[in-house]
Protein chains: 4
Amino acid sequence: MKKKKVPSMVKDQQLIKHRREQMIQGAITLFKEKGYHRTTTREIAKESGFSIGTLYEYIGSKEDVLYLVCDSVYEEVRTRLDSLIDTESVGLDRLKLIITSLFNVMDEMQDEVLVMYQEVKSLPKEALPYVLKKEVAMTAIIEQAIKDCREPGVLTISDKEATLMAHNIMVKGQMWTFRRWALKHSFTLKEYTDIQIKMLLGGVVSEQMS
Amino acid sequence: MKKKKVPSMVKDQQLIKHRREQMIQGAITLFKEKGYHRTTTREIAKESGFSIGTLYEYIGSKEDVLYLVCDSVYEEVRTRLDSLIDTESVGLDRLKLIITSLFNVMDEMQDEVLVMYQEVKSLPKEALPYVLKKEVAMTAIIEQAIKDCREPGVLTISDKEATLMAHNIMVKGQMWTFRRWALKHSFTLKEYTDIQIKMLLGGVVSEQMS
Amino acid sequence: MKKKKVPSMVKDQQLIKHRREQMIQGAITLFKEKGYHRTTTREIAKESGFSIGTLYEYIGSKEDVLYLVCDSVYEEVRTRLDSLIDTESVGLDRLKLIITSLFNVMDEMQDEVLVMYQEVKSLPKEALPYVLKKEVAMTAIIEQAIKDCREPGVLTISDKEATLMAHNIMVKGQMWTFRRWALKHSFTLKEYTDIQIKMLLGGVVSEQMS
Amino acid sequence: MKKKKVPSMVKDQQLIKHRREQMIQGAITLFKEKGYHRTTTREIAKESGFSIGTLYEYIGSKEDVLYLVCDSVYEEVRTRLDSLIDTESVGLDRLKLIITSLFNVMDEMQDEVLVMYQEVKSLPKEALPYVLKKEVAMTAIIEQAIKDCREPGVLTISDKEATLMAHNIMVKGQMWTFRRWALKHSFTLKEYTDIQIKMLLGGVVSEQMS
DNA sequence: CATGAATGAGTTTTCATTCAT
DNA sequence: GATGAATGAAAACTCATTCAT
C-alpha cells in the first residue's frame with residue numbers, strides 16, 4: 001500500500017517534479033471541463049506546454065496522469081488543512097476549527113476536489129487503495145479530534161458514533177463540492193459551515209434530551 | 001425540462017419497454033464493473049441478450065443508454081421509497097420513517113445508485129437538468145417532512161436549517177453507497193440508520209442546549 | 001444484352017408493376033435529394049408507402065431499385081420523345097423537331113434525367129450495357145435523321161460527322177440538366193434550343209465556306 | 001468562396017503536401033475503379049502507402065479526400081491547359097489552340113476528369129461552390145477567346161451565342177471522357193478534335209447562308 | 001402478401017502509445 | 001531530453017438483408 005511508482009524515462013528528479021507539476025495543472029484544467037475519459041493525452045500534453053512525446057517521458061500511461069492528479073489533490077488538501085489546524089486549540093474548539101478548515105479548503109479547491117472524487121473510480125485497481133488510505137487518514141484525524149472532546153457534560157458519544165461522525169464530517173466537506181449546484185443557491189460558505197457545525201454539535205434539536 | 005425522448009426505430013411500444021428494460025439491466029451490470037466509458041455498446045448489447053444492431057433499434061446513441069439507466073434508477077428509488085413511506089404516520093415518526101426507508105432503498109439498490117451517482121456527469125448537457133429535477137423533488141419531500149415536525153419542545157429549526165438537513169439526509173443516503181468501502185467494516189445498515197437518526201434528531205450532544 | 005430480370009417473390013404481375021412504379025417514384029424523389037448511396041432502403045420503402053419487408057418482395061437488392069429507376073427514366077424519355085416526333089415532317093424540319101423535342105423532354109424531366117446520369121455508374125456491371133443500349137438507340141435515331149437531311153445545298157456532311165453530330169445533340173440535351181446551375185442564369189429553354197439549333201445547323205459562322 | 005481548409009494534425013507543411021499527393025493518387029486509382037462511395041478510407045490509406053491512422057493525420061473526414069481529389073484534378077487540368085495555350089497566337093488560331101489543348105488535356109487525364117465529374121455531387125455543400133468556381137473560370141477564358149475572334153467576315157456571333165459556345169466547348173471536352181465508351185469506337189482524338197472544331201467554327205452546313 | 005424486428009458485417013473515426021530523428 | 005509523425009486496435013454507429021409472424 002505504498003506510494004505507487006510512476007515510471008519515467010528521465011533521470012533528473014528535479015525535472016521530473018517540475019514537468020509533473022505542469023502536467024497535473026494542465027490535466028486538472030481539462031478534467032474539470034470534460035472529465036478524464038473525454039480528455040486525450042494529446043490535449044494534456046498541449047495544455048501542459050509540451051509535446052505528446054515528452055508527456056510519455058514522464059509517465060507510463062494515461063492512468064498515471066489521473067493517479068498523479070488524485071495524489072496531488074489529496075496532498076494539497078492535506079497540506080492546506082494541516083497548516084490551518086496547526087494551532088494550540090484543543091477540545092471542542094479544535095474540532096470546530098478542523099471542520100471549518102476542512103470546509104474552507106474544500107471551497108478553495110472545489111474544482112480539483114470535485115474532479116478527484118468523480119474520477120478516482122477510474123484509477124487502476126492497484127492505485128485505488130493508496131488513494132483511499134489518504135481519505136482514511138484524514139477521517140482518522142477527525143475521529144481523534146472528536147474523541148478528544150469527549151467529556152461528561154460536553155460531548156457524550158460512543159466510539160461508533162465518533163467514527164460515523166468523522167465520516168459525516170468528511171462527507172459534508174465533499175458535499176460542498178459535489179452538491180454545489182443545489183447548495184450555492186441557498187448558502188454561503190459561512191452559513192453552510194455554521195449550520196453544519198450547529199447540527200453536528202447540537203442545538204438544533206432538544207426534546208429528547210430532557 | 002421534460003422527459004427526454006429517446007428515439008427508437010421500433011414501433012411496438014410494449015416491445016420498446018421490454019427491450020429497454022433488458023438493456024438497462026445489462027448496462028447496470030457492466031457499468032457497475034467497469035464504468036460507463038469503459039463499457040462498449042457491443043458489450044451492452046451482448047449482456048442484454050441481443051445484437052449490436054438491435055441495440056441501436058432502441059436508442060439513438062450510447063448516451064441514451066446512460067440516460068435510460070439514470071432515469072430508471074431514479075424512478076425505481078422513487079417508487080420503492082414512496083411505497084415504504086405511504087403510511088399514516090406523521091411528525092417525527094414520519095421523518096424517521098422516511099430516513100429509514102431512504103437508507104433501506106439505498107442499501108437494496110446500492111450498486112444501481114452508485115453507478116448512477118458516478119456517471120450522471122457524463123450525461124449529455126440537455127439530459128442532466130431533467131435528472132437533477134428528480135433529486136430536487138426527493139429532497140423537497142424530506143424538507144417538508146422536517147418542517148412538519150417543527151413544534152416547540154420537539155423540533156426547533158429555521159427554514160435554512162431544514163433545507164440543509166434535507167440535503168444532509170439525502171447525502172447520508174447516498175453516502176451509504178459511495179462510502180461503503182469504509183462503512184461496511186464498522187456498521188450494519190441498522191446501526192448506521194440508528195446512529196444517523198440519533199445524530200440528526202439530537203441526543204448525541206447535549207451540553208450546549210442548556 | 002436483354003432486359004435484366006429483377007427478381008420478385010410475388011406472382012401477380014399487375015401488382016408487381018404497380019408496386020415498382022410506387023418504388024421508382026419514391027426512389028427518384030430521394031435520389032434527387034441525396035443521391036443513391038446516401039439513400040437507405042428503409043427510406044425508399046417508406047417514401048414508396050410500404051414496409052421494408054414489402055420492398056424486398058419486389059426486388060432482390062438495392063441495386064435493383066437503381067436499375068428500375070434508370071430503366072424507367074429511359075423508357076419515359078423515349079416514350080415522350082417518340083410521341084413528340086411522331087409526325088409527317090421530314091428533312092431539316094424533322095431534325096429540328098427532334099432536337100427541340102429532346103430538349104423539351106430533358107427540361108420536363110430534368111431531375112429524373114440528372115439522377116439517372118449521375119448514378120448509372122453505380123449500376124451492377126451486368127446492368128450497365130442494357131441501359132447504354134437505350135442511349136445508343138436514341139443516338140441512332142438522331143443520326144438517321146441527320147443523314148436523312150443530307151442533300152447538296154442543304155446539308156453536306158460525312159458519315160463520321162453525322163455520327164458525332166448525333167452524339168453532340170444527345171449531350172446538349174443532357175447538358176441542359178447537368179449544367180443547369182450555369183445555364184439557367186443566361187438562357188431560357190427556348191433561347192437555349194434556338195441557339196443550339198442555329199449553331200448545329202449553321203448560320204453562326206459563314207465566311208469560311210465561300 | 002475561398003479555398004476550403006482541410007485540417008491536419010501534422011505541422012510540417014512539406015510533409016502535408018507530400019502525403020496528400022500520395023493520398024490523392026491512391027484515391028483517384030480507387031475512385032476510378034469503384035467510385036467514391038464504394039471506396040473505404042482503409043483502402044485509401046493502404047493504396048496511399050500508409051495506415052488508416054496516418055490518413056486521418058492529414059484529413060478531417062473522408063469527404064476531405066474527395067475535395068482534395070477534385071481540387072487537385074482541376075488544378076492539374078488548369079496548369080496543363082495554361083502551359084499549352086500560353087503562346088502568341090490570337091484570334092481564330094488561338095481559339096482553335098484552346099479547344100485542341102482542352103481536348104488533349106481531357107484525353108491525357110481522362111480517368112481523373114471522369115472521376116471528378118462523377119463525384120463532385122458528393123462534395124459537402126460548402127465545398128461545391130469553390131470547385132464550380134474553377135469550372136466557371138475556365139469557361140470564361142474560352143468565352144473571351146471566342147469574343148476575341150469576333151470580326152465581320154470572320155466570326156459574327158452575339159454575346160449569348162458566345163457564352164453558350166463556350167459552355168459547349170467545355171462540355172465537348174468533358175464528353176470525350178464520359179462518353180468515351182461510345183466515341184472511342186468511332187474516333188481518334190485527332191478526328192474528334194478536327195470534326196468538333198469544324199462543326200463549331202463552320203463549314204459543315206451551308207444552305208442557310210445563301 | 002405484408003410487416004417490421006433482428007442481425008452483424010462493414011464503415012468511419014479516434015486516440016493511447018511508440019520510436020526514429 | 002524533446003519532438004511529433006506513424007500506428008492500428010478498438011469504438012460507435014449504419015444499413016442491406018432476412019425471416020418469423
Side-chain angles (χ1 to χ4, degrees), chain A residues 8-12 15-16 19 37-46 49-65, chain B residues 8-12 15-16 18-19 37-46 49-65, chain C residues 8-12 15-16 19 37-46 49-65, chain D residues 8-12 15-16 19 37-46 49-63 65:
Chain A
S8 171
M9 306 271 73
V10 175
K11 304 285 155 185
D12 185 339
L15 191 51
I16 292 181
R19 289 286 192 230
H37 282 101
R38 296 199 204 285
T39 302
T40 70
T41 50
R42 259 176 165 168
E43 289 170 321
I44 296 171
K46 188 168 192 188
F50 37 74
S51 71
I52 181 66
T54 301
L55 182 74
Y56 274 88
E57 293 289 308
Y58 296 92
I59 54 161
S61 77
K62 190 187 175 187
E63 282 177 336
D64 287 341
V65 179
Chain B
S8 172
M9 307 263 65
V10 173
K11 299 181 170 179
D12 185 336
L15 191 52
I16 291 180
H18 175 57
R19 290 284 188 237
H37 282 101
R38 294 201 205 283
T39 302
T40 70
T41 51
R42 292 196 116 83
E43 289 171 320
I44 296 171
K46 190 168 192 186
F50 36 72
S51 70
I52 181 66
T54 300
L55 181 74
Y56 276 91
E57 292 286 302
Y58 295 92
I59 53 162
S61 76
K62 192 186 173 189
E63 280 178 338
D64 286 341
V65 179
Chain C
S8 171
M9 307 270 73
V10 175
K11 305 285 155 184
D12 185 339
L15 191 51
I16 292 181
R19 290 285 192 230
H37 282 100
R38 294 199 205 284
T39 301
T40 69
T41 51
R42 258 175 166 169
E43 290 171 320
I44 296 171
K46 188 168 193 187
F50 37 73
S51 71
I52 181 66
T54 301
L55 183 74
Y56 274 88
E57 292 288 308
Y58 296 92
I59 53 162
S61 77
K62 191 186 173 189
E63 282 177 336
D64 286 341
V65 179
Chain D
S8 172
M9 307 263 65
V10 173
K11 298 180 171 179
D12 186 337
L15 191 51
I16 292 180
R19 290 284 188 237
H37 282 102
R38 295 199 205 285
T39 302
T40 70
T41 51
R42 292 197 115 82
E43 288 172 319
I44 296 171
K46 190 168 193 183
F50 36 73
S51 70
I52 181 65
T54 300
L55 181 73
Y56 275 90
E57 292 287 301
Y58 295 92
I59 53 162
S61 76
K62 191 185 173 189
E63 280 178 338
V65 179

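Residue numbers begin at 1 in each chain, while the letters A, B, ... track the order of the sequences.
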Closest to the [X] side chain: [options]?
X     : options               : answer
C:F50 : F:dT7, F:dA2, E:dT3   : E:dT3
D:T40 : E:dA16, E:dA9, E:dT11 : E:dT11
B:I52 : E:dA9, F:dA2, F:dA12  : E:dA9
C:L15 : F:dT7, E:dG10, E:dA2  : E:dA2

Look at [X] and [N] and indicate whether a side-chain polar atom (N or O) is within less than 4.0 Å of OP1 or OP2.
X     : N      : answer
A:R19 : F:dA2  : yes
D:T54 : F:dA5  : no
B:Y56 : F:dT14 : no
C:Y58 : E:dA2  : yes
A:S51 : F:dA2  : no
D:T41 : E:dT12 : yes

Original post:
How far does CD1 of C:I52 sit from CD1 of C:I44, to the nearest 0.5 angstrom?
Top reply: 8.0 Å
Original post:
In Å, rounded to the nearest 0.5 Å, how long is the span from CZ of A:R42 to CE of D:M9?
Top reply: 5.5 Å
**OP:** Can you tell me the pairing partner of E:dT14 across any strand shown, Watson-Crick or G-U wobble, with both distances under 3.5 angstrom?
**Re:**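 Partner of E:dT14: F:dA9.
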Original post:
If pairing requires Watson-Crick or G-U wobble contacts with both distances under 3.5 Å, which nucleotide is the partner of F:dT18?
Top reply: E:dA5
Original post:
Could one point to a donor on the side chain of B:R42 or the base of E:dG10 with an acceptor on the other under 3.5 Å away?
Top reply: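 Such a pair exists between side chain and base.
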Original post:
What does C:S8 touch in the nucleic acid at a heavy-atom separation under 4.0 angstrom: a base, only the sugar-phosphate, or nothing?
Top reply: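 Nothing, no nucleic acid heavy atom in range.
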Original post:
With sugar-phosphate meaning primed atoms plus P, OP1 and OP2, does C:M9 contact a base, only sugar-phosphate, or nothing at under 4.0 Å between heavy atoms?
Top reply: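 Answer is nothing: C:M9 stays at 4.0 Å or more from every strand.
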Original post:
Hey, what's the ring geometry for B:Y58 with B:F50, parallel, tilted or perpendicular (30° and 60° as the breaks)?
Top reply: tilted
**OP:** Please report the shortest heavy-atom distance between A:K62 and A:H37, naming the atom on each side.
**Re:** NZ-O, 3.8 Å
